[in-house]
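Everything on this sheet refers to the single structure shown next.
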2 protein chains.
Amino acid sequence: MQARGIHHLGVAVENLDSALATYERLFGARVEHRATVEDQGVRAASVRIGESRVELLEPLGQDTPIGRFLEKRGPGMHHVAYEVTDLDTALAELTTAGADLIDERPRAGLFGLEVAFVHPDSVHGVLSEVVVGG
Amino acid sequence: MQARGIHHLGVAVENLDSALATYERLFGARVEHRATVEDQGVRAASVRIGESRVELLEPLGQDTPIGRFLEKRGPGMHHVAYEVTDLDTALAELTTAGADLIDERPRAGLFGLEVAFVHPDSVHGVLSEVVVGG
């Protein structure tokens with residue numbers, strides 16, 4: 001599979017507003033999108049840093065994916081998303097390449113993106129996402 | 001400070017050759033540089049995935065920065081590097097912005113890059129590097 005590049009880096013944070021202020025101050029980040037997504041248990045912002053993109057993810061509670069990540073690992077990098085041209089093709093090629101998919105079919109991610117996650121055990125411990133660029 | 005974007009994502013791995021094979025197979029990564037740097041305690045490869053870049057970092061021993069990271073956290077994302085136009089200016093601006101710098105002056109990074117690290121406590125748990133793009 002040929003990914004087009006890193007679409008975004010997903011970062012788990014304790015407090016979204018505080019993290020946003022830090023990324024704006026230190027790296028010149030500009031907010032692109034913000035959303036609270038109850039069924040994914042996150043309050044999130046997508047920021048642009050130059051040409052790149054970081055997603056800051058604050059859990060809505062402890063019993064959410066990001067809440068459990070923070071409990072176990074503390075704040076820090078959570079996943080990396082690679083941009084692909086077509087998600088169905090990418091998932092078929094990843095399966096052929098032996099990757100263990102968390103999402104066997106595309107699903108709705110944040111900010112209207114279509115996404116799928118690859119299990120970190122298939123990528124040397126890195127939770128990796130594929131996404132069609134928007 | 002206005003970073004130009006993500007220069008690379010640094011990933012700690014147990015075995016460089018195995019990780020390279022995975023990134024080539026799953027994401028179409030192409031090797032850009034390889035180096036063994038004794039005084040930094042790493043065997044490393046820089047790969048391009050589309051327009052983006054990932055550094056895969058295998059420790060030369062347990063008592064190295066990457067060795068200690070693997071011991072404590074297991075394999076996974078280690079740092080993110082942001083590209084800047086001028087490193088002295090970036091470090092001055094980061095200091096003014098209240099960041100705690102690990103490197104107060106530019107130092108030699110991998111692959112001939114000039115780099116400096118910002119303490120993860122200043123960036124909500126994310127070890128962040130600034131680098132002049134090459």
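Every chain is numbered from 1, with letters handed out A, B, ... down the list of sequences.
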Top contributor to chain B interface from [options] [non-hydrogen pairs under 4.5 Å]:
| options | value |
| --- | --- |
| A/His78, A/Arg30, A/Arg4, A/His79 | A/Arg4 |
| A/Val123, A/Val11, A/Leu127, A/Val130 | A/Val123 |
| A/Gly125, A/Ser128, A/Ala99, A/Ser52 | A/Ser52 |
| A/Pro120, A/Ala29, A/Ala19, A/Gly76 | A/Ala19 |
| A/Met77, A/Glu51, A/Gln2 | A/Met77 |

Is B/Leu9 reachable from A/Phe69 through a run of hydrophobic residues whose side-chain heavy atoms are each under 4.5 Å from the next? no
Less than 4.5 Å to any heavy atom of chain B: does that hold for the side chain of [X], its backbone, both, or neither?
| X | result |
| --- | --- |
| A/Arg73 | both |
| A/Arg25 | both |
| A/Ser18 | both |
| A/Phe27 | both |

Donor-acceptor pairs under 3.5 Å, side chain of residues 104-113 of chain A to any protein atom, not counting sequence neighbours: which ones?
from     : atom 1 : to       : atom 2 : distance (Å)
A/Arg107 : NE     : A/Asp103 : OD1    : 3.1
A/Arg107 : NE     : A/Asp103 : OD2    : 3.3

Listed partners of B/His124 passing ring-ring contact (aromatic ring centres under 6.0 Å, His included), at least two apart: none
State whether the side chain of A/Ser122 and the backbone N or O of A/Asp100 hold a donor-acceptor pair below 3.5 Å, judged by distance alone. yes
Region of B/Val84 that comes under 4.5 Å of a non-hydrogen atom in chain A: neither
Flag side-chain contact, heavy atom, 4.5 Å: B/Arg43 against B/Leu60: yes
Heavy-atom check, side chain of A/Tyr82 versus side chain of A/Val131, under 4.5 Å: no
Should B/Glu129 and B/His8 be marked as a side chain to side chain donor-acceptor pair (under 3.5 Å) after you check the CA-CA gap, both sets of side-chain angles, and the distance that decides it? CA-CA 9 Å; B/Glu129 181 183 3; B/His8 67 262; 3.2 Å; yes
Partner chain A: residue of B/Ala12, B/Gly98, B/Gly5 with the largest heavy-atom pair count (under 4.5 Å): B/Gly5
Please say whether more than 12 non-hydrogen atoms of neighbouring residues, nucleotides or ligands are located less than 6.0 Å from CD in A/Glu32. yes
